[in-house]
Engineer: 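Sharing a structure here in structure tokens format.
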Number of protein chains: 2
Amino acid sequence: MSSGADDARTAHRPSAPARPGLRERKKAKTRAAIQRHALRLFKKRGYDETTVEDIAEAAEVSPSTFFRYFPTKEDVVMYDVFDPVLLASLRSQPRGLDPVRAMRAAMRQVFRDMDEEDREDLLEREALFRLVPDLRARMMDELLRTVSVLARIIAERTGRRAGDLGVRVVAGAIIGALISAWLTEEGESLGVDTYRGMDRALEKLESGLSL
Amino acid sequence: MSSGADDARTAHRPSAPARPGLRERKKAKTRAAIQRHALRLFKKRGYDETTVEDIAEAAEVSPSTFFRYFPTKEDVVMYDVFDPVLLASLRSQPRGLDPVRAMRAAMRQVFRDMDEEDREDLLEREALFRLVPDLRARMMDELLRTVSVLARIIAERTGRRAGDLGVRVVAGAIIGALISAWLTEEGESLGVDTYRGMDRALEKLESGLSL
DNA sequence: CCATATATTGACAGTGACTCCTATTTAGGA
DNA sequence: TCCTAAATAGGAGTCACTGTCAATATATGG
């Protein structure tokens with residue numbers, strides 16, 4: 001998500017035509033630079049071994065500025081994790097599919113439509129999440145939010161209240177199964193493999209939990 | 001989570017035939033004191049508003065000592081979260097039950113056998129987890145470990161490999177459903193209610209995810 | 001084109017969690 | 001009782017993060 005011409009993507013919906021605003025453009029560029037250098041350094045020297053000051057220096061801004069763009073060091077990696085894109089895709093799935101199948105279809109679509117650069121970016125972050133406890137923990141917490149959003153979407157699709165226990169259980173189970181598949185015990189982390197694993201996890205879910 | 005000998009934690013109140021060693025006893029007492037004062041202060045002044053120094057002073061030890069007993073401030077609250085007790089109970093469930101039903105039975109048993117003091121203690125922590133982002137995130141991460149352990153138990157019970165995707169999916173789905181129930185959108189947090197919610201969540205899981 | 005309101009920034013001075021090192025005490029065994 | 005190993009207090013240092021302030025850059029109305 002970071003590189004190239006993605007000015008409008010950050011805050012507002014794609015519906016509004018791109019609105020330059022020279023100030024905004026500079027901001028987007030700074031943000032992208034910080035993030036790009038941060039990820040590069042994390043990859044090269046490790047997360048804990050890279051200080052905010054290092055990142056700031058590499059991106060040619062002051063530490064203060066770093067924190068104006070990202071509330072915490074974690075957030076540099078965090079941003080954009082389990083995307084809105086996926087959830088949007090999920091919303092657009094045909095009404096007929098039950099939640100698990102719909103999720104599966106949405107994942108396939110998103111994964112297919114992702115270009116190479118984004119995919120590598122995702123892998124990069126995935127490795128960090130696996131490896132760095134603070135980031136992993138933070139990601140898990142973000143997933144709580146994802147469960148809520150997922151519940152809302154499922155509720156829409158099935159005409160129930162988002163608070164309905166059944167709905168929340170399904171949402172939780174889906175996310176839980178995905179995470180568990182992502183875990184892969186002794187984590188290898190190949191991109192396609194990860195997707196494969198998650199897809200197969202949902203396939204299992206489709207056929208129930210009986211064992 | 002690293003080094004071996006922190007099993008003193010389990011030595012709560014049970015009048016287990018004490019294994020003196022005057023030194024050990026002192027250690028256990030210090031640990032307990034730190035933790036007790038910490039939780040008391042967290043409740044009274046809030047987690048972020050209570051410094052390690054505050055806790056150390058209340059427990060009459062030096063800050064250095066605090067960190068020798070608990071690797072991080074988080075760990076004072078963390079300890080004992082989604083108990084080994086539950087997992088032990090799960091192991092002892094009759095072979096005939098499928099994983100979800102077994103888990104449900106285990107939860108009921110543990111909840112029933114818990115005495116009032118422990119229950120209050122749990123509530124206390126639960127509130128902290130809900131409220132304090134760092135703690136909540138950390139707890140979510142601990143849950144990853146719980147999923148793995150759960151997977152191992154399910155594997156034992158069903159005669160499969162712990163790495164089996166089906167097994168892991170079930171484990172993940174169970175934990176995911178429980179968390180989702182725990183979430184309760186606008187979280188109230190009554191003890192019995194929380195248990196009720198989780199029980200009903202597993203009940204839903206039993207009957208499949210179709211909706 | 002200028003003047004003024006508004007945003008963005010860098011420098012600086014905290015605070016608090018955590019690490020590492022050292023000197024001193026204290027428990028338990030010889 | 002003395003010797004050793006562990007436990008402790010204390011201090012110095014790092015780093016993430018916060019808040020404040022003044023300097024500068026940009027947008028905008030006149």
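Throughout, a chain's letter reflects where its sequence line sits, starting with A, and its residues are numbered from 1. We use all heavy atoms of the structure for the numbers below, so side chains are in, but hydrogens, waters and symmetry mates are not.
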Engineer: Nearest-Å distance, CD (B/E53) to P (C/dA17)?
Structural biologist: 9 Å
Engineer: Taking atom P of D/dC17 as reference, at what distance in whole Å does atom CG of A/D134 sit?
Structural biologist: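 Interatomic distance, CG of A/D134 to P of D/dC17: 9 Å.
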Engineer: Could you tell me whether the side chain of B/R108 reaches within less than 4.5 Å of the side chain of B/Y195, counting heavy atoms only?
Structural biologist: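 The answer is yes; the side chains approach within 4.5 Å.
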Engineer: Measure CZ/B/F66 against P/D/dA7 and give the value in whole Å, please.
Structural biologist: 17 Å
Engineer: In terms of side-chain geometry, is the basic nitrogen of A/R125 or A/D121 positioned less than 4.0 Å from the acidic oxygen of its partner?
Structural biologist: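 So A/R125 pairs with A/D121 through a salt bridge.
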Engineer: Which part of the nucleic acid does B/S64 contact within heavy-atom distance under 4.0 Å: base, sugar-phosphate only, or nothing?
Structural biologist: base
Engineer: Answer yes when B/D134 and B/K73 have at least one side-chain N-carboxylate O distance shorter than 4.0 Å, and no when they do not.
Structural biologist: no
Engineer: Just the rounded figure in Å: distance from P of D/dT8 to NZ of B/K29.
Structural biologist: 13 Å
Engineer: If only side-chain N and O atoms of B/K26 are considered, is one of them under 4.0 Å from the OP1 or OP2 phosphate oxygen of C/dA27?
Structural biologist: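 Indeed, a polar side-chain atom of B/K26 lies that close.
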Engineer: Rounded to whole Å, please give me the gap between CD in B/E49 and C1' in C/dA17.
Structural biologist: 15 Å
Engineer: What nucleotide, of D/dA16, D/dT8, C/dC18, holds the atom closest to the side chain of B/F67?
Structural biologist: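 It is C/dC18.
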Engineer: Which residues pass the side chain to side chain donor-acceptor pair (under 3.5 Å) test with A/D75, sequence neighbours left out?
Structural biologist: A/T72, A/R138
Engineer: Without decimals, in angstroms, what is the distance between B/L41 CG and C/dG16 C1'?
Structural biologist: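 In whole Å, C/dG16 C1' and B/L41 CG are 16 Å from each other.
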Engineer: Please pick, from D/dT8, C/dT9, C/dC18, the nucleotide with the shortest atom-to-atom distance to any side-chain atom of A/T30.
Structural biologist: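 Taking heavy atoms from C-beta onward, the closest nucleotide is C/dT9.
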Engineer: Whether B/R145 and B/E142 form a salt bridge (side-chain N of Lys/Arg under 4.0 Å from carboxylate O of Asp/Glu) is what I want to check.
Structural biologist: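 Answer for the salt bridge query: yes.
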Engineer: Rounding to a whole Å, what distance do you find between B/F42:CZ and C/dG16:C1'?
Structural biologist: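 Spelled out: CZ on B/F42 to C1' on C/dG16 is 13 Å.
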Engineer: Round to the nearest Å and state the distance from A/L135 atom CG to D/dA16 atom P.
Structural biologist: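 Rounding to the nearest Å, CG of A/L135 and P of D/dA16 are 12 Å apart.
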Engineer: Are any of the side-chain nitrogens in A/R130 or A/E126 under 4.0 Å away from the carboxylate oxygens of its partner?
Structural biologist: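 Salt bridge: yes.
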Engineer: If only atom types and distance count, is the side chain of B/R31 paired as donor or acceptor with the main-chain N or O of B/K26 below 3.5 Å?
Structural biologist: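 Here the side-chain-to-backbone pair does not exist.
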Engineer: Give me the distances for all protein-to-nucleotides 5-8 of chain C N/O pairs that come in under 3.5 Å?
Structural biologist:
{"from": "C/dA7", "atom 1": "O4'", "to": "A/R23", "atom 2": "NH1", "distance (Å)": "3.4"}
{"from": "C/dA7", "atom 1": "O4'", "to": "A/R23", "atom 2": "NH2", "distance (Å)": "3.2"}
{"from": "C/dT8", "atom 1": "OP1", "to": "A/K27", "atom 2": "NZ", "distance (Å)": "3.1"}

